[in-house]
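Have a look at the structure below, then the notes.
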Amino acid sequence: MSTAAVQPLLAAFDQLSTTYLRDEVDAALRLQAELTPHLVAIIEAIAESPVTYAMAGHNAHVYAASLLAHFREPAAHAPLLRAFAIDEEMLIVLWGDMTTETLPSLLYQTCAGALDGIMDLVRNREADQYARCAAMEALSYAVAFDPRRRDEVVGFLQGLFTGEEAAPDSYFWGNLAATFRAAPFGRYFL
């Protein structure tokens, strides 16, 4: 397949649809090398100007993020972190439930073992509390899939209980406490 096959896929992904684009996703999987730079550029566009992206009525970011995570593409990691650290209103408009449902795996699958960016998102008081909680969950994946990371992750999370990391009524605190009890941490931490 050629690079010319990429443009129709991107156009299809960009259209708001109520159906899963199975044929297009199958084609995208076959065009990973050609498609990846375009998918990363889509995520970068959101990170740079989420309002402009949303006002233009784009939808390709949903497929872009999912495909990049499936590809385990490290070049997508920093743009994804920035694209989910946007204003809460734009986060809801652009990403919806992906923040709480999909973001943990997107971050883990694109990090290539480097947890610093995920930890920075957890610490970022300016980021949405749900994005921060999703980043905590991504850290739990790191421990689940590589138990040697346990001490690193536990030490980091333990350092977050100073009281300065979030407002007292933030979901951040409950999620932080639950991270220690939830699988896989229940098995490793207690």
Side-chain angles (χ1 to χ4, degrees), residues 25 28-29 32 36 39-40 42-44 46-47 61-88 90-92 94-190:
V25 169
L29 296 175
Q32 178 178 346
T36 295
L39 299 176
V40 171
I42 290 167
I43 303 303
E44 287 174 342
I46 290 176
H61 61 290
V62 174
Y63 283 97
S66 298
L67 285 165
L68 290 165
H70 179 77
F71 297 157
R72 296 188 173 275
E73 179 55 54
H77 189 65
L80 280 168
L81 286 165
R82 290 191 317 275
F84 277 91
I86 60 177
D87 173 77
E88 180 181 0
M90 281 292 99
L91 189 69
I92 293 167
L94 289 168
W95 296 109
D97 288 344
M98 284 186 76
T99 303
T100 54
E101 301 298 322
T102 312
L103 181 57
S105 62
L106 297 177
L107 294 178
Y108 177 71
Q109 289 178 264
T110 59
C111 79
L115 302 180
D116 294 340
I118 298 171
M119 291 176 177
D120 288 344
L121 180 56
V122 171
R123 283 189 290 257
N124 183 354
R125 283 188 59 116
E126 301 302 314
D128 176 73
Q129 64 183 340
Y130 295 111
R132 295 174 75 195
C133 292
M136 282 184 230
E137 189 174 338
L139 293 174
S140 74
Y141 293 179
V143 174
F145 293 109
D146 186 359
R148 296 171 296 173
R149 306 297 298 262
R150 178 190 174 272
D151 291 342
E152 173 189 6
V153 171
V154 170
F156 170 74
L157 293 173
Q158 285 174 336
L160 297 176
F161 282 104
T162 68
E164 299 298 319
E165 290 78 16
D169 61 345
S170 173
Y171 288 106
F172 178 90
W173 300 112
N175 197 81
L176 181 57
T179 300
F180 287 102
R181 299 285 304 159
F185 286 126
R187 187 172 58 224
Y188 295 111
F189 286 5
L190 301 175

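Bear in mind the structure is a predicted one, so any value in this text is a computation, not a measurement.
Looking only at side-chain heavy atoms (C-beta outward), L81 and D120 stay at 4.5 Å or farther from each other.
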Side chain to side chain contact (heavy atoms under 4.5 Å, CB included), that's the test. Do H77 and I118 meet it? Break it down for me.
CA-CA 9 Å; H77 189 65; I118 298 171; 3.7 Å; yes

Dump the intermediate steps for side chain to side chain contact (heavy atoms under 4.5 Å, CB included) on L29 and L67, then the final yes or no.
CA-CA 8 Å; L29 296 175; L67 285 165; 4.0 Å; yes

L39 vs Y63, side chain to side chain contact (heavy atoms under 4.5 Å, CB included): CA-CA, chis, key distance, verdict:
CA-CA 8 Å; L39 299 176; Y63 283 97; 6.0 Å; no

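Rounding to the nearest 0.5 angstrom, the gap separating the CZ atom in R72 from the OG1 atom in T110 is 9.5 Å. R123 CZ to L160 CG: the interatomic distance, rounded to the nearest 0.5 Å, is 7.5 Å. One finds the CD atom of E101 at 8.5 Å from the CD atom of E137 (value rounded to the nearest 0.5 Å). To the nearest 0.5 Å, the span separating SG on C111 from CG on L106 amounts to 11.5 Å. From I43, atom CD1 reaches atom CZ of F84 across 7.5 Å, with rounding to the nearest 0.5 Å. Rounded to the nearest 0.5 Å, atoms OG1 (T99) and CD1 (I92) are 8.0 Å apart.
With hydrogens and angles disregarded, a donor-acceptor distance shorter than 3.5 Å links the side chain of S105 to the backbone of T102. The backbone N or O of A167 lies less than 3.5 Å from a partner atom in the side chain of W173, making a donor-acceptor pair. Counting only distance, with no hydrogens or angles, the side chain of E73 and the backbone of L68 share no donor-acceptor pair below 3.5 Å. Side-chain atoms of H61 do not come within 3.5 Å of backbone N or O of I46 as any donor-acceptor pair. Between the side chain of R132 and the backbone N or O of N124, at least one donor-acceptor pair lies under 3.5 Å. Side-chain atoms of E152 never come within 3.5 Å of backbone atoms of R150 as a donor-acceptor pair (strictly under, hydrogens ignored).
Nearest approach of S170 to Q129, heavy atoms of both residues: OG-OE1, 2.8 Å. Among all heavy-atom pairs drawn from L107 and A135, the shortest one is CD1-CA, 4.0 Å. A pairwise comparison of heavy atoms in P79 and V40 identifies CG-CG1, 4.2 Å as the closest pair. Shown here for A28 and F71, the closest heavy-atom pair between the two residues is O-CZ, 3.8 Å. Scanning both residues, I86 and R82, for their nearest heavy atoms gives CG2-O, 3.5 Å. Heavy atoms only, all atoms of each residue included: A166 and R125 are closest at N-NH1, 3.2 Å.
Counting non-hydrogen atoms of other residues, nucleotides and ligands closer than 6.0 Å to CZ of F156 gives a total above 12.
Under the ring pair (Phe, Tyr, Trp, His ring centres under 6.0 Å) criterion, the residue pairs touching residues 99-120 are Y108-F145, with sequence neighbours excluded.
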